[in-house]
Amino acid sequence: MGKKRRKCCYAVARGHKTGIFHNWGQCQDAFRGFSGQLFKGFGSVAEAEAWLSANTPSAPPSAPPPTPAFSSPLPTQAQKRAYEDRDEVDSVASGLKVSKLFSTSSPASPNKTPFASPGAADDVAKEVPVPLAQSVPSNEQSVPSNELPDVPLSSHQQRAVAIVDSGSNVFLTGSAGTGKSRVIKAILSSLRARKFTFGGNRPQVAVCASTGTAAIQLGGCTLHSLAGAGVPRKQEDFEKMWGKRNVLRSLRILILDEVSMLCASLLDKFDEMLRKIRNNNKCFGGIQLVFVGDFAQLGPVLGKQNIDTAFLANEGFVERGLAFEGTMWKAADFQMVELKQTFRQSEPEFLRALNDLRRGFGGTKNVKWLMKKCLIEGDGKKVNVPADATPTRLYSKNVNVDAINSDELRKLKGEKFQYTAKDRAAPVQGYKEEWLIEELRRNVMAPEILDLKFGAEVMLLKNIIGVNGSLILANGSRGRVVGFSRAEIGDKVIGFRREDGKNPQVLNPIVKFYCEGGRTRTIKAEEFDMEVVGKGLAVRTQIPLKLAWAVTIHKSQGLTLDLLEVELETCFAEGQAYTALSRARSTEGLSIIGHYSPEVVKCDYKVKQFYNFPMEPDEEFEEEGWKFDRTGEGMERTWNNVGEDDDGGKGKKEKRPEGEKVVRTVEI
Ligand SMILES: Nc1ncnc2c1ncn2[C@@H]1O[C@H](COP(=O)(O)OP(=O)(O)OP(=O)(O)O)[C@@H](O)[C@H]1O
């Protein structure tokens, strides 16, 4: 990259604050954590003003009150994500009602529409491939979709709703497929019937989830977005919550799904801030809390543990601990409501195997039964899977996902369009631009080179927000390329190449998403920024898509799938194997590919303690070389409020952590 002219000011056209800033730190505070941020550095104020007026919408969204100036240094590497595919927390608001993002059917061939979408505005391609088409608006207004009739609640689920209606703080839990999400919908209906207000400037109820994908299924937003603190990297970042004080003060009920994916330190900080903002010293400032999730599924993606002390001394914010390990959880005095009946699966043997897997037992007779039924070694295919059906493939690692996707793309006929990312960096003095860009390459989710063809299966890498602030499509949404349209003036510039090398004009992909309604959109280049402590800011501009014939298990949490292939061999995280296998409705539609070893099944010993799971399976489990591995042994996760077991966490004794309140549990 060439040498840049010295910058005298920075303009922010889209951010928490907009305008011209004469200092890079202020500029960063104005856009950091803001979805769709737009900023640029200039050599003169006149240039900045001209650019700003050209890039400021005529009716800009109202900006929150000014945020305080920050003095602490930026976070270290410790803040970088442990998983490459972590959901980006984005700016969203409640209001849109959309059902599951993945269908319960599997994608079929490119020319078929794999997901039924009655009445969908499929204005680009129906049955016939359309290589080039009119651009489909990328800033469309969000419209609430028709709510599908929901399955009736079981008596136990109805009781769960009644407990929430009684006003207690509730932790709604239960194994995968027990209908937790279904109960949330019923709670929302009950609150609507009781005339609670949702949305607007002074909502009484907020519906949130830990990830954008989970949030969109509930028509809500991420907790980060509700709080207004972006993705906090410093303690001071939480001060930004004051900008949302009106909303946060008006809340009476907070419903939070997939709480297992949020860490204790984050919830504790939110608690601290909410008490101040609401001037109420009760937990979360007295808001009634309805937390939902299953800690035996995937947990939070925590910051790396080798946090340097200098960073800590400078008050960097570090993600640590499972949600129930924090002080906030104890203060909330949750009534734990545990759903026991599983609806997703009905085969008793499969349910027994899932039950063992949830507890971290990968070597039981029940699991062996499952492996005998579903394990496919080598490249085999299950006999009962139709030849033209394409199962959703789940892998634990991005490297496997990428290899499969490249292979599938190669098999597709038709011309290849190649998008090359544009990377740029603003290093601090003394640090080189190319070093920063190298760090960006290693960490950013958007691929440097994105190859697409008509019919390619893709996943969205950014949340798409409607002009009224509602979440239209979430990071993680799946879809298929149904055409390409010419880029328009004002689109961000990236490299583009056609396979035949002919017309160099940039073509943006048009994607039909599988969410209910079959939403079709032109996807344009977006910016992915990465801040590195003490080194500066690097930005990649790229089409926010990734090939998705195969997806990571992390992205599959919360889904129900009829036809899937799972690779367990490389599972590494607690709850990962269980999360993957429990997506399947039946063993008929489930293929487990590659090798299986019981050691890949893990359950954090703290989770075992939390749920009072047995530390070892009840039955005789070792046979024919199947070796049981006591999972959780030697786990590194520690949290200062939690004491270790007498045996150093090896799980022989079931002692509750020191000082922890025993939750009141209702098994229904
Ligand atoms: N009362 C019910 N009767 C019949 N089916 C139900 C009932 N409740 C839920 N289901 C079905 O069970 C499946 C799983 O439900 P849901 O996604 O709500 O479970 P969950 O507990 O949130 O699962 P996960 O923990 O995996 O996210 C869905 O297909 C849902 O429609």
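One-based numbering, in listed order, for ligands and for the atoms of each.
Within the model, atoms CG of Leu581 and SG of Cys571 stand 8.0 Å from one another, a figure rounded to the nearest 0.5 Å.
Between Thr178 and ligand 1 there is a heavy-atom distance shorter than 4.0 Å. Within the structure, the closest approach of Gln341 to ligand 1 does not fall below 4.0 Å when heavy atoms are considered. Heavy atoms of Gly177 approach ligand 1 to within less than 4.0 angstrom.
Under the 6.0 Å distance and 45° angle rule, Arg521 does not count as a cation-pi partner of Phe513.
Considering backbone and side-chain atoms together, Gly179 places an N or O closer than 3.5 Å to an N or O of ligand 1. Between Pro152 and ligand 1, at least one pair of N/O atoms sits closer than 3.5 Å.
For the residue pair Lys397/Thr570, the side-chain donor-acceptor check at 3.5 Å is not satisfied. Defined by atom type and a distance below 3.5 Å, a donor-acceptor pair is missing between the side-chain atoms of Ser154 and Gln341.
Between Trp329 and Phe334, the ring planes are tilted. Angles from 30° to 60° get that label.
Close contacts between ligand 1 and Ser154 involve ligand atoms 1 (N) [criterion: under 4.0 Å to a heavy atom]. Ligand 1 places these atoms under 4.0 Å from at least one heavy atom of Arg583: 26 (O). Close contacts of ligand 1 with Arg585, meaning ligand atoms under 4.0 Å from a residue heavy atom, involve 29 (O).
Ala573 approaches Lys602 most closely through the heavy-atom pair O-CB, 4.3 Å.
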